[in-house]
A.B. asks: 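Shown below is the structure under consideration.
A quick note: this is a predicted structure, and the numbers were derived from the prediction, not measured.
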Amino acid sequence: MEKSTPDEHPDGMPTYGRCWVGECARDNELDVRVMQWNILADSLAKGSVEEHNSFDGPSSGELPGQRWVQWGTEEPPHDYQRPHIFRCNPQWLEWSHRCKLVLAEIKRIDPDIIGLQEVDHWEDLISELPEYEGYFTAKTGFKDGVCLLWRKSKFKASYSKVVRFSRGAQVTLLKRLLMRTSDPNKFRPILAISTHLKAGFTQQYETTREDQSQGLMKLVSSIHEGEAIVILADMNAHPTDLSGISATALPSLVQNSVLKLQSPYSSKVFTAWSGWTDGEVRAAFDHILYSNNNFVCSGIFQLPEIISISREPCRLPNYRWPSDHLPLAADLRMLSSCKSCSDDLNTDIETIVLQLPQYRYNGYTPPTRNNRPIMPPQQPVIPSMPRMGHHSHVDIVAIQIADHFLPPPPPPPVPSSVGSVCKYYAVGRCVYAHACKYPHSDGRRGERCYFFDTGQHCKHGGECPFLHSSSGVACVY
């Protein structure tokens, strides 16, 4: 059964036509509609007034779950520390415009529980949604954060837990909700979670997301008392292996044998299609997960067809869409066998800091400074791909988007002789510091001369305090 929605919101705001697929019944007190959406932080909503050529995107016959990146220049950008700029006109990225679209989409879906990420105008949202209660918490050191909203007529709020990580700014909000039943003294408990994990398109960042996911699952398992579980997440993680990155973050959640989590969506979908001035990315980063021993899924809100977004030269966001992410929504029906409970007067808010493992890079742990790994300057490896018009098309291999690019260094080579010294230390360029396996000296005779070794003229000649000799082995890093 399909229930279509129009291309306009009730108030005339434009949108994408989407269908509800499934039974989509909401006539039972055990029915719950949930929604997940990254609405794009205002600080990241930067547009361009210049005209940009359209990118030659994939054909409509390709699997929409394929993750790909395409650059509009001969070489991909290497300034990974600057924020990307959307091809969308800045006037469509003004919060005054985007707020109306966000609120209209929430009202169109009409969910009972909402998980939002990259929220930095919390008061604007909650003030326009009087039928909901909610809680918001910001990321560490940032204005934006995550929130949970629930329908007041259907749920009563219990305790909250704000979960932060020992490294990184990411935050998770966990809220115990009590679903009302026909018996005013009995409730059905639900553990609702809204989270936003580490961004990044390298295996190392996927490992960090895996660590964050496993830490969260250990915490949930420790406080879980048989409640139904709903996770609304922007995990920045694709469900399957793609572009040379092994998927480990999402599997670490769904393979949890205790919580028994399941997604209502196929892995062959996309939930984000970012159109930047220097390229674009399409992937399935957002997820709804529910405990399948407590819920059955009766319907989902189908994602737009690829062709409807590919018609937009700037992809997402655009004049009709406020974010580079798409909302997910599902109708869940709680099993009648699920546990019930009496009223819970515990409304405490607790902050928990999860200790994550040390940075892991294929078994090699680099030296750190200010709790961050010290990495050498290194360019990403871009594979050779067929040309598409005047644009080059490449898969993601080691391209870091919207975050600091910190590729892992190779392990320092083992010296082939006892007397070898590091020639880069002599000129202040050794990135391994104390982890370097070559001796570091302070310029005493016996250390090799960098200029002599590289065939350049040493102006000191025989007076050079460094060793001029063809014997021995120097550090090549």
A.B. asks: Hey, mind stepping through Arg315 and Glu312 against salt bridge (Lys or Arg N to Asp or Glu O under 4.0 Å) and telling me if it holds?
C.D. replies: CA-CA 5 Å; Arg315 307 302 187 237; Glu312 304 282 355; over 6 Å; no

A.B. asks: When the ring planes of Tyr290 and Phe295 are compared, do they come out parallel, tilted or perpendicular, using 30° and 60° as the limits?
C.D. replies: perpendicular

A.B. asks: Considering non-hydrogen atoms only, spot the tightest contact between Glu123 and Ser127 and give its length.
C.D. replies: O-OG, 2.8 Å

A.B. asks: Kindly determine whether Gln262 and Leu289 satisfy side-chain contact (heavy atoms from CB on, under 4.5 Å), including the steps that lead there.
C.D. replies: CA-CA 5 Å; Gln262 180 177 331; Leu289 299 173; over 6 Å; no

A.B. asks: Quick one: NE2 on His196 to CE on Met235, what's the gap to the nearest 0.5 Å?
C.D. replies: 11.0 Å

A.B. asks: Could you walk me through whether Gln117 and Ser194 pass side chain to side chain donor-acceptor pair (under 3.5 Å), step by step?
C.D. replies: CA-CA 8 Å; Gln117 297 80 38; Ser194 177; 3.2 Å; yes

A.B. asks: Between Tyr265 (side chain only) and Leu303 (backbone N and O only), is there a donor and an acceptor less than 3.5 Å apart?
C.D. replies: no

A.B. asks: According to ring-ring contact (aromatic ring centres under 6.0 Å, His included), who are the partners of Trp37, at least two apart in sequence or on a separate chain?
C.D. replies: Trp321

A.B. asks: Sequence neighbours left out, what passes side-chain hydrogen bond (donor to acceptor under 3.5 Å, both in side chains) with Lys154? Give chain and number order.
C.D. replies: none

A.B. asks: Do you know the tightest heavy-atom contact between Leu148 and Gly115?
C.D. replies: CD2-CA, 4.1 Å

A.B. asks: Do you know which of Val353, Leu354, Ile352, Val171 makes side-chain contact (heavy atoms from CB on, under 4.5 Å) with Phe165?
C.D. replies: Leu354

A.B. asks: Applying the side-chain contact (heavy atoms from CB on, under 4.5 Å) criterion to Arg151, which one of Asp110, Val32, Leu129, Ile113 satisfies it?
C.D. replies: Asp110

A.B. asks: Indicate every side-chain donor-acceptor pair of residues 245-255 with a distance under 3.5 Å to a residue at least two apart or in another chain.
C.D. replies:
residue : atom : partner : partner atom : Å
Thr248  : OG1  : Glu210  : OE1          : 3.3
Ser252  : OG   : Ala249  : O            : 2.5

A.B. asks: Counting heavy atoms not belonging to Lys339, are there more than 12 under 6.0 Å from its NZ?
C.D. replies: yes

A.B. asks: Quick one, Pro264 and Ile288 - any side-chain contact, counting heavy atoms below 4.5 Å?
C.D. replies: yes

A.B. asks: On a heavy-atom basis, which atom in Asn318 and which in Cys314 lie closest, and how many Å separate them?
C.D. replies: CB-SG, 3.6 Å

A.B. asks: Do Trp95 and Asp120 have side-chain atoms, one donor and one acceptor, less than 3.5 Å apart?
C.D. replies: no

A.B. asks: Would you mind reporting whether Ile85 and Trp276 have side-chain heavy atoms less than 4.5 Å apart?
C.D. replies: no

A.B. asks: Start with the C-alpha distance between Ile306 and Phe270, add both sets of side-chain angles, then the distance that settles side-chain contact (heavy atoms from CB on, under 4.5 Å), and finish with yes or no.
C.D. replies: CA-CA 9 Å; Ile306 247 184; Phe270 67 97; 3.6 Å; yes

A.B. asks: Report yes if the side chains of Pro317 and Pro322 come closer than 4.5 Å at any heavy-atom pair, otherwise no.
C.D. replies: no

A.B. asks: Begin from the C-alpha positions of Leu261 and Asn292 and carry the test side-chain contact (heavy atoms from CB on, under 4.5 Å) through to its verdict.
C.D. replies: CA-CA 6 Å; Leu261 299 175; Asn292 59 19; over 6 Å; no

A.B. asks: State whether Tyr16 and Arg320 meet the cation-pi test: NZ (Lys) or CZ (Arg) under 6.0 Å from the six-membered ring centroid, and within 45° of the perpendicular axis.
C.D. replies: yes

A.B. asks: So which heavy atom on Ile126 is nearest to which on Gly134, and how close?
C.D. replies: CD1-N, 4.1 Å

A.B. asks: Take atom CD in Glu305; do more than 12 heavy atoms of anything else shown fall under 6.0 Å from it?
C.D. replies: no

A.B. asks: Quick one, Asp42 with Arg98, criterion salt bridge (Lys or Arg N to Asp or Glu O under 4.0 Å). Give me CA distance, side-chain angles, the key distance, then yes/no.
C.D. replies: CA-CA 9 Å; Asp42 210 22; Arg98 293 198 303 120; 3.4 Å; yes

A.B. asks: Between OH of Tyr205 and CG of Leu197, what distance do you get to the nearest 0.5 Å?
C.D. replies: 14.5 Å

A.B. asks: At their closest point, which heavy atom of Val119 faces which heavy atom of Leu116, and how far apart are they?
C.D. replies: CG2-CB, 3.6 Å

A.B. asks: Would you compute the distance between atom OG1 of Thr137 and atom NZ of Lys161 and round it to the nearest 0.5 angstrom?
C.D. replies: 14.0 Å

A.B. asks: Sequence neighbours excluded, which residues qualify as side-chain hydrogen bond (donor to acceptor under 3.5 Å, both in side chains) partners of Glu227?
C.D. replies: Arg176

A.B. asks: Checking Trp150 against Glu133 for the side chain to side chain donor-acceptor pair (under 3.5 Å) test, could you report, in this order, the C-alpha distance in whole Å, the side-chain angles of both residues, the deciding distance, and whether it holds?
C.D. replies: CA-CA 6 Å; Trp150 54 92; Glu133 288 182 332; 3.2 Å; yes

A.B. asks: Could you measure the distance from the CD atom of Glu131 to the CG atom of Leu149? Nearest 0.5 Å is fine.
C.D. replies: 9.5 Å

A.B. asks: Look at Glu206 together with Arg209 and state whether they make a salt bridge at an N to O cut-off of under 4.0 Å.
C.D. replies: yes

A.B. asks: When you look at Cys99 and Val102, which way does the side-chain contact (heavy atoms from CB on, under 4.5 Å) test go after all the steps?
C.D. replies: CA-CA 5 Å; Cys99 181; Val102 169; 5.7 Å; no

A.B. asks: Taking the side chain as C-beta and beyond, is there a heavy-atom pair between Tyr159 and Ile349 under 4.5 Å?
C.D. replies: no

A.B. asks: Working to the nearest 0.5 Å, report the span between NE2 of His238 and OG1 of Thr271.
C.D. replies: 9.0 Å

A.B. asks: Evaluate the side-chain proximity of Arg180 to Glu29: yes if any heavy-atom separation is below 4.5 Å, no if none is.
C.D. replies: no

A.B. asks: Might you point out which heavy atoms bring Arg18 and Pro304 nearest each other, and give the distance in Å?
C.D. replies: NE-CD, 3.9 Å

A.B. asks: Tell me whether the guanidinium CZ or amine NZ of Lys152 lies under 6.0 angstrom from the six-membered ring centre of Phe155 and within 45° of its axis.
C.D. replies: no

A.B. asks: Taking the side chain as C-beta and beyond, is there a heavy-atom pair between Cys338 and Arg188 under 4.5 Å?
C.D. replies: yes

A.B. asks: Are Trp273 and Glu280 linked by a side-chain donor-acceptor pair shorter than 3.5 Å?
C.D. replies: yes

A.B. asks: Pair Asp31, Arg26 - check salt bridge (Lys or Arg N to Asp or Glu O under 4.0 Å), show working.
C.D. replies: CA-CA 6 Å; Asp31 291 330; Arg26 304 185 72 186; over 6 Å; no

A.B. asks: Of all residues at least two apart in sequence or in a different chain, which pass the side-chain hydrogen bond (donor to acceptor under 3.5 Å, both in side chains) check with Thr140?
C.D. replies: Arg164

A.B. asks: Measure the spacing between CD1 of Ile229 and OG of Ser291 and express it to the nearest 0.5 Å.
C.D. replies: 5.0 Å

A.B. asks: Might you work through the side chain to side chain donor-acceptor pair (under 3.5 Å) test for Glu118 and Asn38, ending with a clear yes or no?
C.D. replies: CA-CA 6 Å; Glu118 294 196 16; Asn38 178 325; 3.2 Å; yes

A.B. asks: Using a 4.5 Å cut-off on heavy atoms from C-beta on, say whether the side chain of Asn89 contacts that of Gln91.
C.D. replies: yes

A.B. asks: List for me each residue that meets side-chain hydrogen bond (donor to acceptor under 3.5 Å, both in side chains) alongside Ser160, sequence neighbours excluded, and say none if there are none.
C.D. replies: Lys175

